[in-house]
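One structure below.
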Amino acid sequence: GENVEQHPSTLSVQEGDSAVIKCTYSDSASNYFPWYKQELGKRPQLIIDIRSNVGEKKDQRIAVTLNKTAKHFSLHITETQPEDSAVYFCAASILLRGTSYGKLTFGQGTILTVHP
Amino acid sequence: DARVTQTPRHKVTEMGQEVTMRCQPILGHNTVFWYRQTMMQGLELLAYFRNRAPLDDSGMPKDRFSAEMPDATLATLKIQPSEPRDSAVYFCASGEGGLSPFFGPGTRLTVL
């Protein structure tokens, strides 16, 4: 089955700096890669996702890049703010046309702390 | 704003007792997932359903866990008998079209 490795496990930055979290996956058939943010005591919430037919996607201060050849993808947060502090999870899934089921395999998570 | 709901939000029980967790998926979503979150294991998929049919429950200890969808508006996860190692947060999530599921608020289970 799919295996997703996520690094680093903890990341500490100063407000205004950029943060980068990296994930690698094992199954070359995986073609859908979402990122979730989980605040303390809350549910994981989707912040951005990317499909394998694109190499990069941006949404304001958040961007995700994908390298299918190397089987890794990364989350980039620019101009970090204290409210970005949370646990971030990457995930990988296989979307099959007509029978997609979205079985997500998650990375272990990265605790991001943004210091004011 | 449609949301996945879960009950109870917190449950404290003694070892050996039966625990039932309930989930109401977002109306119209055809896929329902049960995830377990612990500090050591992260987010683990226990089981999921598509159109109420179980697709994969390989992540679930079969001897004590069971998951069902008696109808499209209710998913249940049962543990019988419960053990201290089952202590975790259990999330239900629902999705559509294979894209990222929406998570419920979770049930925090403590087994003493």
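Note on naming: letters A, B, ... go to the chains in the order of the sequence lines (proteins, then strands), and numbering restarts at 1 for each one. All heavy atoms count here, side chains included; hydrogens, waters and symmetry mates do not.
Using a 4.5 Å cut-off on side-chain heavy atoms (C-beta onward), B/Gln37 and A/Phe106 make no contact. Contact annotation: the side chain of B/Phe33 never approaches that of A/Leu104 to less than 4.5 Å [non-hydrogen atoms, C-beta and beyond].
Residue B/Val89: no heavy atom, backbone or side chain, is found under 4.5 Å from chain A. Both the backbone and the side chain of B/Phe103 come within less than 4.5 Å of a heavy atom of chain A. Heavy-atom distances place the side chain of B/Leu45, and not its backbone, under 4.5 Å from chain A. No part of A/Gln45 comes within reach of chain B, as not one of its non-hydrogen atoms sits under 4.5 angstrom from that chain.
The local environment of CD in B/Gln80 is crowded, with over 12 non-hydrogen atoms from other residues, nucleotides or ligands closer than 6.0 Å. Applying the 6.0 Å contact sphere to CD of A/Glu15 captures more than 12 heavy atoms from other residues, nucleotides or ligands. Counted within 6.0 Å of CZ on A/Arg61, heavy atoms from surrounding residues, nucleotides or ligands total more than 12; the atom is thus considered enclosed. Other residues, nucleotides and ligands contribute only 12 or fewer heavy atoms inside 6.0 Å of the CD atom of A/Gln60. Within a 6.0 Å sphere centred on CG of B/Leu112, other residues, nucleotides and ligands contribute more than 12 heavy atoms. The neighbour count for B/Arg64 CZ, taken as heavy atoms of other residues, nucleotides or ligands under 6.0 Å away, is above 12.
Annotation: maximal heavy-atom pairing with chain B below 4.5 Å, among A/Pro44, A/Ala91, A/Gly107, occurs at A/Pro44.
A/Arg43 and B/Gly104 get closest at one heavy-atom pair: CB-O, 3.2 Å.
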